Structure formats: structure tokens, C-alpha cells
Amino acid sequence: DLAAGVMAEIRLRAQLAARERMQAQLVEATREAERANHAKSDFLNRMSHELRTPLNSIIGFANLILQRGGSRPASERTYIERIRDNGMHLLGLINEVLDIARVESGHLEITLGIVDVGALVRGVIAQLESRVAGTPVSLRAEVPEDMRAITSDEVRLRQVLINLVGNALKFTQEGSVTVRVTADAQGTPCTIAVVDTGIGIPAERLQAIFEPFEQADASTSVRFGGTGLGLAISRDLCRLMGCALHVESVVGRGSTFTIELPERPPRP
Ligand code: ADP
């Protein structure tokens with residue numbers, strides 16, 4: 001009996017020692033991960049500066065040359081316009097990649113303020129209207145009268161809306177793109193939906209398109225361009241603002257992306 005007792009005691013101590021070792025390893029691994037995460041955001045911040053500064057200078061000087069006028073062959077003007085447009089495209093991409101990285105590492109913050117949803121929607125439409133000029137697509141807003149203001153991040157909400165309306169326009173050859181706002185009986189906005197009559201999205205891709213770098217199918221980037229980052233960023237931003245973002249779609253009929261505004265303002 002004594003021997004059995006001693007054996008049990010020894011086993012228990014061995015188990016305790018093993019557990020302590022494991023805990024120490026876990027603590028060390030967590031520290032290591034935190035260091036790596038810190039290094040990553042540090043790298044991103046530095047890269048963002050290093051990439052954006054020269055790009056802004058390329059875009060700025062191209063614009064300067066274009067504005068200066070003077071006699072210049074038309075072909076040369078086209079070249080400079082291409083330098084500027086590609087620079088702007090690259091800047092947009094860099095901003096998207098950085099946004100994703102910032103959300104993932106928890107470094108993206110939202111700034112709450114008073115937002116007039118109706119004005120926001122009309123502003124987004126005004127900004128994108130030129131894209132449908134001369135096409136068989138109409139872009140319109142359906143906004144209830146006399147809505148109350150909400151508490152949200154206006155800049156980020158606009159970013160999400162521009163993304164959704166930009167997509168709707170990109171994937172709609174004819175028909176309409178409508179931004180429809182609904183409000184409750186008190187006039188508090190509840191949902192903002194972007195409804196299009198475009199190509200639609202197959203049911204089995206409705207989840208995947210919200211993942212970074214995912215598109216509805218392999219031909220999308222060839223036919224329409226894009227990187228597949230917009231919806232991933234939009235969903236992350238919505239989550240930060242306390243909103244839900246979901247989609248319904250019928251292939252060949254169109255898609256509806258709906259932002260559900262929170263009943264209570266998100267925590268700052
Ligand atoms: P991108 O537009 O750069 O490809 P997004 O993340 O914004 O990236 O969209 C991912 C994919 O979802 C698109 O490539 C497209 O296949 C699909 N998609 C998004 N919005 C629409 C829409 N309104 N109609 C049809 N397909 C869409």
C-alpha cells in the first residue's frame with residue numbers, strides 16, 4: 001500500500017511538472033505571437049508611408065503637367081493621363097490592402113459622429129453618377145422624408161456605400177441601381193440596401209465573395225477587373241460600426257446588398 005501511495009504521489013508530481021512546463025511554453029508562445037503582430041503592424045505602417053509618398057508625388061506631378069497645358073502632341077497627353085490613372089489605381093489597391101491588414105490586426109478604429117443618412121446616400125449617388133452617363137443604367141436613391149440622424153462613422157459608412165454602389169454599377173449592364181433606405185415609424189433609419197438588376201451571383205458563392213481576394217468566379221477579374229477586397233473590407237467595417245451586411249441574389253436578375261443599421265449606437 002505504501003509503495004502504491006508513493007507511486008501515485010510521484011505520478012501526480014510528474015503531471016504537475018509537465019503542466020507547469022506547458023503553461024510556461026504557452027506564455028512564451030503568446031508573447032512570441034504578440035511580438036510578431038507588433039512587428040507586422042509596424043511594418044505595415046512604415047510600408048504604407050513608403051509606398052504612398054512616392055505614389056502621391058507621381059500622381060501630383062502628372063496632374064501638374066496635365067494642367068499646365070501648352071502645346072503637346074495628343075499621344076503624349078494620353079501617356080501622362082495613363083501614368084496618373086494607373087498611379088491612382090495602385091494607390092487605391094494599397095489603401096485596400098492596408099485597410100484589410102489594419103482590421104485584422106485590430107488597428108482600424110472608427111470615429112462616431114452624427115450622420116444624416118439621406119444626405120450621405122445622395123452624396124454617394126452624386127459622386128458616382130458620372131459613371132452611368134450615356135449608359136442604359138439609371139442610378140437613383142429612394143430615401144424616406146424626415147429621417148432622424150444616426151450615430152455612426154460617416155467616413156467609413158460612405159466607404160462601404162461607395163464600394164457597394166461601385167460593385168452594383170460594375171456588374172450591371174442595363175436596368176437600374178437603387179439605393180433604398182428604410183426607416184421605422186419614428187423615422188429612425190433601419191436599413192440601407194443597394195439593389196441592382198445586374199448579372200447576379202450564384203448561390204454557392206454568396207458566402208465566399210466576402211472573403212479577401214475572392215470573386216464570384218475565375219472570369220470576373222478578366223471581365224470586370226477588381227481584386228476581391230472590397231466586400232471583405234466592407235463587412236469588417238460594418239462589423240466595427242455595429243451593422244450587419246448581407247446579400248441576396250438571383251443569377252441573371254440582380255443582387256441586393258443590405259446594410260442593417262444597429263438599433264443602438266456602437267461602442268466608441
Ligand atoms: P472586386 O469587386 O474588386 O472583385 P469585391 O470584394 O467588391 O471585389 O467583390 C467580390 C466579388 O463579388 C466580385 O468580384 C463579384 O464577383 C461579386 N460581386 C460583388 N458585388 C456584385 C454585384 N452587385 N453583382 C454581381 N456580383 C457582385
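Start at 1 and go down the list; that is how both ligands and their atoms are numbered. Computed from a prediction, not measured in an experiment: that's the story for all the values here.
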Exercise for review: Take Arg72 and Ile80, measure what side-chain contact (heavy atoms from CB on, under 4.5 Å) needs, and give me the verdict at the end.
Suggested key: CA-CA 11 Å; Arg72 190 176 291 123; Ile80 301 169; 4.1 Å; yes
Review point. Between Leu231 and ligand 1, which part of the residue brings a heavy atom under 4.0 Å of the ligand: side chain, backbone, both or neither?
Key: both
Revision key, fill the gap. Between Ala193 and Thr258, the two heavy atoms sitting closest are CB-OG1, 3.9 Å
Review point. What atoms in ligand 1 come closer than 4.0 Å to a heavy atom of Gly230?
Key: 5 (P), 6 (O), 7 (O), 8 (O)
Exercise for review: Enumerate the atoms of ligand 1 whose separation from the nearest heavy atom of Glu214 is less than 4.0 angstrom.
Suggested key: 10 (C), 11 (C)
Study note, to complete from the structure: Ranked by distance from atom 13 (C) of ligand 1, the top protein heavy atom is Phe171 CZ, 3.7 Å
Review point. Which protein non-hydrogen atom lies closest to atom 26 (N) of ligand 1, naming both residue and atom, and how far is it?
Key: Ile201 CG1, 3.3 Å
Review point. Is there a salt bridge (charged side-chain N to carboxylate O under 4.0 Å, His left out) between Asp85 and Arg82 once you walk through the steps?
Key: CA-CA 5 Å; Asp85 294 347; Arg82 256 191 232 167; over 6 Å; no
Exercise for review: Only heavy atoms count here, so choose which of Gln215, Arg205, Lys170 is nearest to atom 14 (O) of ligand 1.
Suggested key: Gln215
Revision key, fill the gap. Logged contact type for Leu229 with ligand 1, heavy-atom cut-off 4.0 Å, is backbone
Exercise for review: List the steps, then state whether side-chain hydrogen bond (donor to acceptor under 3.5 Å, both in side chains) holds for Thr191 with Thr182.
Suggested key: CA-CA 5 Å; Thr191 62; Thr182 64; 2.5 Å; yes
Practice item. Examine ligand 1 and decide if any of its atoms is less than 4.0 Å from a heavy atom belonging to Phe210. Key: no
**Study point:** Heavy atom of the protein closest to atom 23 (N) of ligand 1 (residue, atom name, distance)
**Key:** Asp196 OD2, 2.8 Å
Point to revise | Exceeds 12 heavy-atom contacts within 6.0 angstrom, atom CD of Glu109 | key: no
**Study point:** side-chain contact (heavy atoms from CB on, under 4.5 Å) partner of Val121, the single match among Asp116, Val165, Val181
**Key:** Val181
Revision key, fill the gap. When distances are taken from atom 16 (O) of ligand 1, the protein heavy atom at minimum range is Ala216 N, 2.8 Å
Check your understanding: For atom 3 (O) of ligand 1, what's the nearest protein heavy atom and its distance?
Key -> Thr227 N, 2.9 Å
Check your understanding: For atom 12 (O) of ligand 1, which protein heavy atom lies nearest, and how many Å away is it?
Key -> Ile209 CG2, 3.3 Å
Check your understanding: Evaluating non-hydrogen atoms only, which member of Gly228, Gly166, Ala168 is closest to atom 1 (P) of ligand 1?
Key -> Gly228
Check your understanding: What are the two closest heavy atoms between Asn163 and Ser234, and how far apart are they?
Key -> ND2-OG, 3.3 Å
Point to revise | For atom 7 (O) of ligand 1, closest protein heavy-atom neighbour | key: Asn167 ND2, 2.8 Å
Exercise for review: List the steps, then state whether side-chain contact (heavy atoms from CB on, under 4.5 Å) holds for Ser176 with Asp196.
Suggested key: CA-CA 6 Å; Ser176 60; Asp196 72 53; over 6 Å; no
Point to revise | Joint hydrophobic cluster, Val247 plus Val160, side-chain heavy atoms closer than 4.5 Å | key: yes
